[in-house]
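Taking it in order: structure first as structure tokens, then the write-up.
These values consider heavy atoms only, across backbone and side chains, with no hydrogens, waters or symmetry-generated copies.
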Amino acid sequence: MTQSKPNLEHPTFKIVKDSLPASRFRATEFRGQSTLIVEPADLHRVMSFLKSDPRCAYDFLSDVIGVDYLGYPAPMPGRFAVIYNLVSSSRDDRFFVKVFLDPSKPTEGTEQDPALVIDSVTDLWPGAEWTEREVFDMFGIRFNNHPDLRRILTWESFPAHPLRKDYPVRGRGEREHYRIVDRTSS
Amino acid sequence: MGIEAALPTDAILTTQLKRVINWARRSSIWPMPFATACCGIELMATACSRYDLARFGAEVMRFSPRQSDLLIVAGRISVKMMPVLQRIYEQMTEPKWVISMGACASTGGVFDTYAVVQGCDQYIPVDVYVPGCPPRPEMLIEGIMAIQRHIDNEGIPPKGPNGKRIPLNIAVQPTHVVRPQPLPIGLR
């Protein structure tokens, strides 16, 4: 397989780099999809700039996705990633922002990890509320200043974050040992 | 009905009360459709005019469990959905029967994951298992007819000494002959 050089011609790269000189950025591209990799501490500032700057004007947050790179064949800058899928409706453009996070504690359970915390963007795009809740539910990545950070897909007492790669796909007995409701107990 | 054409209008028929009640009960099964996945689409097709579940007296789909006596579990049941299914089963009036329609409701199917119950018979008593992914409408009708045959012969479903329902444990067998599929069209 030949490795082609990523095409970093997307104009947003230069605008962000020139306008926010204090921040450290990395950039990548794959089949026309450009991704800006930012440090977790810079995330909210960069996102706020991408929304408000008229040359960027990313007014729509299409999706927020979590990724676990445990066992990934290529070396990655961190184990977890959160990807923001931005769309500009006025310029008809799509752009990705990615944050890498490394856990500092064991990831088997639901233990709160201060290394897996980033800033919420719900104040910029209110639609991020449910997608950030999904990332929290599936990967245990917490969001500062989120108005209602509860689990959204699994139930409240679920003992793990199930999309982490160290969680077995058949679960740890949750589906077998679920409570049976009958007339005496309900 | 046709029976009044064969008999004089002032005739008297004698039979057992049990048989009349069983006949009335099996001819008016009201299903509660618990459709969570693609089996629900096939369940809708079964009720529509081409397959016409009304021929078996089971066309009145009741979306209130308190008005129905046949629970058709059609589709995969997630663990989070299981309490809802159990509550619906508890709310149905006696006597009641349960059909597990399709591979996912009976065994979990291809969804062997942490979130999907591997067979709803672990939590509620299932009387008839209808195989298929999804089953054809004929198969579902066969499952309903299996319950009708049981009602005709036995009446009210059996209960164990602890008062819990004993499942009938009927597995429907395919009624159609599997023929060779047509050859794919391709360039040679």
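- The greatest number of non-hydrogen atom pairs below 4.5 Å with chain A, out of B/Val116, B/Asp112, B/Ile124, B/Val117, is found for B/Asp112.
- Shown here is A/Trp155, whose CH2 atom has more than 12 heavy atoms of other residues, nucleotides or ligands within 6.0 Å.
- Residues passing the salt bridge (Lys or Arg N to Asp or Glu O under 4.0 Å) test with B/Arg62: none are found, sequence neighbours excluded.
- Within a 6.0 Å sphere centred on CG of A/Asp18, other residues, nucleotides and ligands contribute more than 12 heavy atoms.
- B/Tyr114 and A/Pro162 make their closest contact through CZ-CB, 3.2 Å (heavy atoms, listed as atom of the first residue, atom of the second, distance).
- For the atom pair CD (A/Glu174) and NZ (B/Lys80), the distance works out to 14.0 Å, reported to the nearest 0.5 Å.
- Heavy-atom contacts from other residues, nucleotides or ligands closer than 6.0 Å to CZ of A/Arg172 number more than 12.
- When B/Met82, B/Gln118, B/Gln122 are each tested for a side chain to side chain contact (heavy atoms under 4.5 Å, CB included) with A/Arg175, only one passes: B/Gln118.
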